[in-house]
Amino acid sequence: MKGFYTPRNHPIRWLLIHWFRTDARDLPWRRTRDPYAIWVSETMLQQTRVEQCIPYFERFMAAFPTVHALAEATLDRVLKVWEGLGYYTRARNLHRAAQIIAHDRHGNFPRDVEGWQALPGVGRYTAGAVTSIAFDVCAPVLDGNVKRVLTRVFNIAEPPDDARVEQRLWELAASLASRHPHPGEFNQALMELGAQTCLPAAPRCPTCPAWHYCKARLLGIQDHLPVSKPKKSVPHYDIVVAAIKKRGRYLIGKRPLSGLLGGLWEFPGGKVQPGESHEQALQRELKEELGITIKVGKLLAVVNHAYSHFKVTLHVFQCCHLSGKPRPNIHTELRWAAPREFSELAFPKANLKFLPLL
DNA sequence: AATCCGGGGAC
DNA sequence: GTCCCAGGATT
């Protein structure tokens with residue numbers, strides 16, 4: 001009588017555990033119960049695929065093996081290891097939280113959801129993941145995978161990004177994890193199922209351990225769930241970038257810690273305004289940002305790049321410094337750097353694409 | 001409630 | 001090209 005299952009006694013509570021123990025991927029952070037390692041992995045995994053995280057996790061743990069090592073490191077070093085992973089606020093919050101744990105908490109990690117969620121960069125998902133996996137706390141997780149699995153298994157026809165629906169999904173996840181003997185394994189199994197089997201497009205229902213209990217599959221509507229809200233179109237900007245070379249060095253600036261690409265170094269430049277030539281835009285931006293006048297030389301590179309909520313085309317020009325001492329108006333720091341120093345500094349991906357040409 | 005915040009891989 | 005990923009902070 002499939003309709004009589006409640007979340008607290010639902011068969012998937014143990015079916016997924018058995019499936020997970022035989023079919024789960026062997027991931028680096030699954031070989032430990034060190035709360036620090038699990039916390040680092042969960043932070044990297046926010047909005048980021050497992051395969052992309054693996055090399056970053058290995059390098060991060062080698063560079064900062066303990067919360068004390070991370071707390072004592074400079075933010076610039078942390079950002080360099082994080083370079084290319086995106087969402088750089090994660091790295092800064094991880095660093096800040098490590099200092100709170102190392103100093104304020106004398107190296108003691110929180111052991112409950114509330115304690116973890118009080119740390120910067122730790123929300124309800126990460127708090128639930130770390131406490132359930134590292135400490136066997138019966139806390140739920142709700143990520144993109146779990147949302148998809150639950151909307152299908154329980155045939156939830158409303159968009160899971162809607163606040164009310166999301167609240168209902170949290171309650172569902174909490175009921176499933178309630179008094180579970182292995183909450184961490186169960187939570188990982190839910191996510192693993194979403195990543196491996198209950199795929200966004202063309203879910204692999206014939207191999208799914210929840211096949212018999214999935215309401216969407218029983219109705220044949222698994223391909224139509226979850227329903228998503230309409231996406232907004234993203235704007236495109238033309239950006240001009242100056243590679244100002246003087247005695248073998250290039251002028252670069254460090255972006256402010258808050259906002260886009262916070263704390264990363266970049267080559268100066270800015271948006272081309274309507275009706276403006278690339279040369280005019282570059283000269284205006286350099287005057288505004290650095291208080292200098294430049295001569296714009298040849299076009300070195302054109303780079304297309306997509307950010308989370310807009311797209312850009314970078315037009316990179318060789319430039320000469322004509323007059324004015326560079327002063328940081330929007331940057332926190334300026335510096336003349338030789339190409340051999342670039343490997344020590346953290347740059348945005350869009351800049352890394354043209355660095356080899358310099 | 002809506003927006004901001006990267007980058008990559010599958011399609 | 002589109003979609004969306006082991007989300008969180010800010011306004």
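The aromatic rings of A:Tyr36 and A:Phe109 sit tilted relative to each other, their planes meeting at an angle between 30° and 60°.
Residue pairs meeting the salt bridge (charged side-chain N to carboxylate O under 4.0 Å, His left out) criterion with at least one partner in residues 15-41 of chain A, sequence neighbours excluded, are A:Arg21-A:Glu185, A:Arg25-A:Glu51, A:Arg25-A:Glu192, A:Asp26-A:Arg31, A:Arg30-A:Glu192, A:Arg33-A:Asp136.
Within the 4.0 angstrom heavy-atom criterion, no nucleotide atom of any strand lies near A:Thr43. Using a 4.0 Å heavy-atom criterion, one finds that A:Gly259 contacts the sugar-phosphate atoms exclusively. Across all strands, A:Lys147 comes closer than 4.0 Å to no nucleic acid atom at all (heavy-atom distances). In this structure, A:Trp82 reaches neither bases nor backbone, as no heavy-atom distance under 4.0 Å exists between it and the strands shown. Here A:Arg148 lies in heavy-atom contact (under 4.0 Å) with sugar-phosphate atoms only. Across all strands, A:Leu27 comes closer than 4.0 Å to base atoms (heavy-atom distances).
Bounding nucleotides for the chain A contact on DNA chain B, 5' to 3', at a heavy-atom distance below 4.0 Å, are B:dA1 to B:dG8.
A:Trp29 pairs in a side-chain contact (heavy atoms from CB on, under 4.5 Å) with only one of the listed residues (A:Ile133, A:Val40, A:Leu45), which is A:Leu45.
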Close N/O contacts between protein and nucleotides 9-11 of chain C (under 3.5 Å):
{"unit_1": "C:dA9", "atom_1": "OP1", "unit_2": "A:Gly121", "atom_2": "N", "d": "2.7"}

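B:dC11 and C:dA6 have their P atoms separated by 14 Å, given to the nearest Å. Across the C1' atoms, C:dA9 and B:dG8 are found 23 Å apart, a figure rounded to whole Å.
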